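All remarks here apply to the structure that follows.
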Number of protein chains: 2
Amino acid sequence: MKISTKGRYALRLMLDIALNDAADPVRLKDTADRQSISVKYLEQIISQLVRAGYVKSIRGPQGGYRLMKQPSEYTVGMILRQVEGNMVPVSCLEDEAIDCERQGQCVTLRIWKELDTAMRSVLDKYTLADLVEWQQEIGDNYII
Amino acid sequence: MKISTKGRYALRLMLDIALNDAADPVRLKDTADRQSISVKYLEQIISQLVRAGYVKSIRGPQGGYRLMKQPSEYTVGMILRQVEGNMVPVSCLEDEAIDCERQGQCVTLRIWKELDTAMRSVLDKYTLADLVEWQQEIGDNYII
DNA sequence: TTCGTTTCCTAGTATGTCAATATGAAATAT
DNA sequence: ATATTTCATATTGACATACTAGGAAACGAA
């Protein structure tokens, strides 16, 4: 019942790009240094975010990544779901779930549904813009 | 980010014992039949619940298991935590977590803390007694 | 045109967790 | 004594996690 490093890193990666948005796009090398995550691992993670249309890439020297939309348009849940899968607590709640014969009688399902709702309400309440704001309150020491 | 079978089965197991409480204690064999879970797997799961003092065992013929307390005294969260571990969404929130140097600057931690709180509020809101009630509303067809 | 930089793509790998099964011992009611 | 039931430990196969590795493709600058 844990969020994987992939999910957590994806969030830090998106936040890092949002925070370091400038004339030049953000290079993975710099994010890797700031976040203490290997470039190679970040490459894998960001490829999913590129495919999802969350970031765009610019290749070659002075290349890097840029957010496609405003930070306020990305909820934390959107980012996590993109790299972690659907983020539901039990597979019965997945869209592709095969109907379980026990479903009609399953009272634990009520708990899982409410848990899912509670998780969504938090993860979809906050956006990258919130994280950016919080980070800026703390100060620039975050940025190398 | 999924609850394991062990957690889900533990809940169904506790519920099954609560529902089938009678003169004789509940045999794992019967629970296994009703719940379509192997006896061997249930043995492993229940051993953790015995050690935790949640159920008591009676050995030998006419043996089985009984709840130690009233169903209303077991929250869903208690049961899950017993077999799943601490159920926090990121290891930073574990009691035994080594302090992360990034902690002071980590704004994502705020999200994880709020997520954890939201999850707890659901999982500790409901007890076995609620599940028993719901199950009895549905009807006896649950019990073979 | 060449060179270095940066992203892109695929494969591999070590470790661990999950979801059980298997084997047999210990206790105990009849 | 015997059958029943719990108790304890080991083993297994499949899969996921968390990476690393190697090289190709794009592209700006010299």
Side-chain angles (χ1 to χ4, degrees), chain A residues 1-13 16-17 20 23-33 35-68 80 83-87 89-91, chain B residues 1-13 16-17 20 23-33 35-68 80 83-87 89-91:
Chain A
M1 199 55 182
K2 288 270 193 302
I3 294 174
S4 71
T5 57
K6 219 158 177 170
R8 290 186 287 114
Y9 291 177
L11 193 55
R12 283 165 60 190
L13 173 55
D16 189 273
I17 295 174
N20 294 283
D24 280 351
V26 179
R27 291 180 304 156
L28 234 38
K29 173 78 175 60
D30 293 335
T31 299
D33 290 344
Q35 301 292 331
S36 315
I37 304 170
S38 86
V39 174
K40 281 296 178 190
Y41 201 19
L42 284 178
E43 281 179 359
Q44 280 189 20
I45 294 166
I46 208 162
S47 75
Q48 299 188 55
L49 300 169
V50 171
R51 271 194 298 261
Y54 287 6
V55 296
K56 65 163 168 260
S57 65
I58 299 103
R59 299 173 108 178
Q62 271 69 264
Y65 297 90
R66 239 187 257 282
L67 297 185
M68 288 287 272
L80 290 179
V83 299
E84 290 262 324
N86 46 38
M87 290 284 293
V90 295
S91 46
Chain B
M1 198 55 183
K2 288 269 192 301
I3 294 174
S4 71
T5 57
K6 218 158 178 170
R8 289 185 286 114
Y9 291 176
L11 193 55
R12 284 164 59 190
L13 172 55
D16 189 274
I17 295 174
N20 294 282
D24 279 351
V26 179
R27 289 180 306 156
L28 234 38
K29 174 77 174 61
D30 293 335
T31 299
D33 290 343
Q35 301 293 331
S36 315
I37 304 169
S38 87
V39 174
K40 281 299 175 190
Y41 201 18
L42 285 178
E43 282 180 358
Q44 279 188 25
I45 293 165
I46 208 160
S47 76
Q48 298 188 55
L49 299 169
V50 171
R51 270 194 297 261
Y54 287 6
V55 296
K56 65 162 167 265
S57 65
I58 298 102
R59 297 174 108 173
Q62 271 67 267
Y65 297 90
R66 240 188 256 283
L67 296 185
M68 288 286 272
L80 291 179
V83 300
E84 291 262 325
N86 47 35
M87 290 284 293
V90 294
S91 46

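In what follows, every chain begins at residue 1, and chains take the letters A, B, ... in the order their sequences are listed. Here the structure is a predicted model, which means the values were calculated and not measured. Heavy-atom basis, side chains included; hydrogens, waters and symmetry copies ignored.
- Remark: A/Asp33 engages A/Lys29 in a salt bridge, criterion side-chain N to carboxylate O under 4.0 Å.
- Taking 4.0 Å as the cutoff to heavy atoms of chain B, we find the contact window on DNA chain C bounded by C/dA19 to C/dT30.
- To the nearest angstrom, P of D/dT17 lies 17 Å from CD1 of A/Ile37.
- Both B/Ile58 and B/Ile3 lie close to DNA chain C; mapped to their nearest nucleotides by heavy-atom distance, the more 5′-ward contact belongs to B/Ile3.
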Intermediate values then yes/no, side-chain contact (heavy atoms from CB on, under 4.5 Å), A/Asp30 and A/Asn20: CA-CA 10 Å; A/Asp30 293 335; A/Asn20 294 283; over 6 Å; no
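- Residue-level contact check: A/Ser47 touches neither bases nor backbone, having no heavy atom under 4.0 Å from any strand.
- In this structure, B/Gln62 places its CD atom 19 Å from P of D/dT2, rounding to the nearest Å.
- The distance from atom CZ of A/Arg59 to atom P of D/dG23 is 18 Å, rounded to the nearest whole Å.
- Between B/Asp24 atom CG and D/dT5 atom C1' the separation is 12 Å, expressed in whole Å.
- Within 4.0 Å (heavy atoms only), A/Thr5 reaches sugar-phosphate atoms of the nucleic acid but no base atom.
- Between A/Pro61 and A/Arg8, the residue anchored closer to the 5' end of DNA chain D is A/Arg8, taking for each the nucleotide with the nearest heavy atom.
- Spacing between atom OH of A/Tyr41 and atom C1' of D/dC19 amounts to 6 Å, rounded to whole angstrom units.
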Full working for side-chain contact (heavy atoms from CB on, under 4.5 Å) between A/Leu13 and A/Val55: CA-CA 11 Å; A/Leu13 173 55; A/Val55 296; over 6 Å; no
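- Donor-acceptor pairing under 3.5 Å, judged by distance alone, is present between the side chain of A/Gln44 and the base of D/dT20.
- Atom CD of A/Glu43 and atom C1' of D/dG23 are 11 Å apart (whole Å).
- Nearest heavy atom pair, residue A/Asp16 against residue A/Gln35, reads OD2-NE2, 3.1 Å.
- In this structure, B/Lys29 atom NZ and D/dT6 atom P are separated by 11 Å, rounded to whole Å.
- Nearest heavy-atom pair, B/Leu80 versus B/Gly7, reported as atom, atom and distance to 0.1 Å: CD2-O, 3.4 Å.
- A donor atom on one side chain and an acceptor atom on the other are not found under 3.5 Å apart for A/Tyr65 and A/Thr31.
- Computed from coordinates, the B/Leu28 CG to D/dT4 C1' distance equals 13 Å when rounded to whole Å.
- Remark: A/Glu43 CD to A/Gln48 CD distance equals 13.0 Å, nearest 0.5 Å.
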